[in-house]
Amino acid sequence: MASLLEVSDLTVNYNSRGSQLKALNSVTLSVKSEEFLAVVGESGCGKTTLGLSIIGLLPPGSAWFSSGSIAYKGVDLASLRPKEMRNYRGSEIAMIFQEPLTSLNPLRTVGFQLVEAIKLRKSRRHKADVEAGARSRPLPGRPSMPSFGRARIPDDVAEEVEAMLSLVRIADAKDVVSRYPFELSGGMRQRAMIAMALAQQPALLIADEPTTALDVTTQAQVLKLMKEIKDKLGTTIILVTHDLAVASQVADRVIVMYAGRIVEDAGVFELFSKPLHPYTQGLLSCIPKGDRKGSELSPIPGSLPDLRFDVNACRFQPRCKYAMKVCSERVPPLFEVDEGHKVACFLHGE
Ligand SMILES: Nc1ncnc2c1ncn2[C@@H]1O[C@H](COP(=O)(O)OP(=O)(O)OP(=O)(O)O)[C@@H](O)[C@H]1O
Ligand SMILES: [Mg+2]
């Protein structure tokens, strides 16, 4: 599989109440085409910042890249102007957020918003096809036709709306398209949001905690759905979650972040069977085990460091029971200990 995205040495700063903080610190990762990558870590470790950096939606004025590149299909997104970035957002890279109400338009029906997303993609594709003489990717379609709203909707668009909704397991498309976002349940809203993102047929989908607000059953359904979508449409997915159990259910590979840095990067089986970083081991011991009733959970003692102060040391060292002298003297680089298994810890390198 070829690499779709290469993030190299990416450092992102925020202006925060008069001071600066490094939300991402020399982050390097690559995502292969059609891979399902999970990015995990505690609140504030920089997961959302990573997603926003890739899709070019960091708050202008208060956030900036101080180093690094984000190569997507060989183009450095970090150096594009906002206008150029618009050619990638939606059509190539889409992002879904934890609370869909913040990204769905409350004043428009689900159907209207889906139609707009599809029309936008079609006009973009048409323009690109004319320019490049290329053919667009076909969508999985169904022959039946929904009718909703008063506006005249082209048949092919109406067909696609229904196909998208059926893809995200919304059976009653005719009913759902005429509803406003606030009229849907949390799970339905999240599905509508996924449909909206997929309507643009992105090659890369970044899903930021898409299931956190949902109950366990709906969460499992939405995760299963995302996996199916990846298999059916060949969409590459980056799933951001603070929950390792969620990552274990769907991801091919997991990246563990701590205080703006990547501390471990491994295949999902490898990470769960042989976690190497003491932080990953700590996170794993926090997962409740259904088969061991009454077993004690052991949260990692200590708290996240203050990102306003950059230190030339391992960030996890104050919380680490294995800390050595070298850990407070230098930042551990990512050591590749096995093929495809990297860890930023002096217990495993030098
Ligand atoms: N717009 C902003 N201005 C200033 N600081 C910010 C901004 N957004 C995020 N930060 C800070 O950057 C750091 C990383 O935040 P980020 O939202 O990326 O973390 P996260 O891993 O997504 O956390 P969570 O799991 O809570 O969503 C945090 O210290 C946060 O307070
Ligand atoms: Mg976040």
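Below, all heavy atoms of this structure are taken into account, side chains as well, without hydrogens, waters or symmetry copies. Counting starts at 1 for both ligands and their atoms, following the listed order.
The shortest N/O to N/O separation between G46 and ligand 1 falls below 3.5 Å. Considering backbone and side-chain N/O atoms, A23 never comes within less than 3.5 Å of an N/O atom of ligand 1.
Between the CG atom of L244 and the CD atom of Q249 there is a distance of 11.5 Å, given to the nearest 0.5 Å.
For atom 31 (O) of ligand 1, the protein comes within 4.0 Å by no heavy atom at all.
Nearest non-hydrogen protein atom to atom 16 (P) of ligand 1 is T49 OG1, 3.6 Å. In terms of protein heavy-atom proximity, atom 26 (O) of ligand 1 is closest to S43 OG, 2.5 Å. For atom 28 (C) of ligand 1, the nearest protein heavy atom (residue, atom name, distance) is G44 O, 3.7 Å. The closest protein non-hydrogen atom to atom 29 (O) of ligand 1 is L307 CD1, 3.5 Å. The nearest heavy-atom contact from the protein to atom 6 (C) of ligand 1 is Y14 CD1, 3.4 Å. Of all protein heavy atoms, the one lying nearest to atom 27 (O) of ligand 1 is T48 OG1, 3.9 Å.
Around the Mg ion (ligand 2), the protein contributes the following N, O or S atoms at distances under 2.8 Å: T48 OG1.
Through direct or relayed side-chain contacts under 4.5 Å between Ile, Leu, Val, Met, Phe, Trp and Tyr, Y180 connects to F182.
Residues I118 and M196 fall within the same hydrophobic cluster, defined by Ile, Leu, Val, Met, Phe, Trp and Tyr side chains chained together at heavy-atom separations under 4.5 Å. Under the 4.5 Å side-chain heavy-atom criterion for ILVMFWY residues, a single connected hydrophobic cluster contains both L225 and L37.
With a 4.0 Å cut-off on non-hydrogen atoms, V240 does not touch ligand 1 at all.
Of all the atoms in ligand 1, the ones that sit under 4.0 Å from a non-hydrogen atom of K47 are 18 (O), 19 (O), 20 (P), 21 (O), 22 (O), 23 (O), 24 (P), 25 (O). Taking every heavy atom of P59 and a limit of under 4.0 angstrom, the matching atoms of ligand 1 come to 1 (N).
K230 contributes a side-chain N or O that, together with a main-chain N or O of E34, makes up a donor-acceptor pair within less than 3.5 Å. Of the possible polar contacts, none joining the R315 side chain to the A259 backbone as a donor-acceptor pair under 3.5 Å is found. The backbone N or O of N105 sits less than 3.5 Å from a side-chain atom of Q113, completing a donor-acceptor pair.
Neither side chain, D76 nor S69, offers a donor N or O lying under 3.5 Å from an acceptor on the other. Counted by atom type alone, E42 and Y279 present one or more donor-acceptor pairs between their side chains at under 3.5 Å.
Take E116 and apply the side-chain hydrogen bond (donor to acceptor under 3.5 Å, both in side chains) test, not counting sequence neighbours, and it matches no residue.
Within the structure, every pair that satisfies the salt bridge (charged side-chain N to carboxylate O under 4.0 Å, His left out) test and touches residues 340-350, not counting sequence neighbours, is listed here: R330-E350.
The nearest pair of heavy atoms linking S303 to Y258 is O-OH, 3.9 Å.
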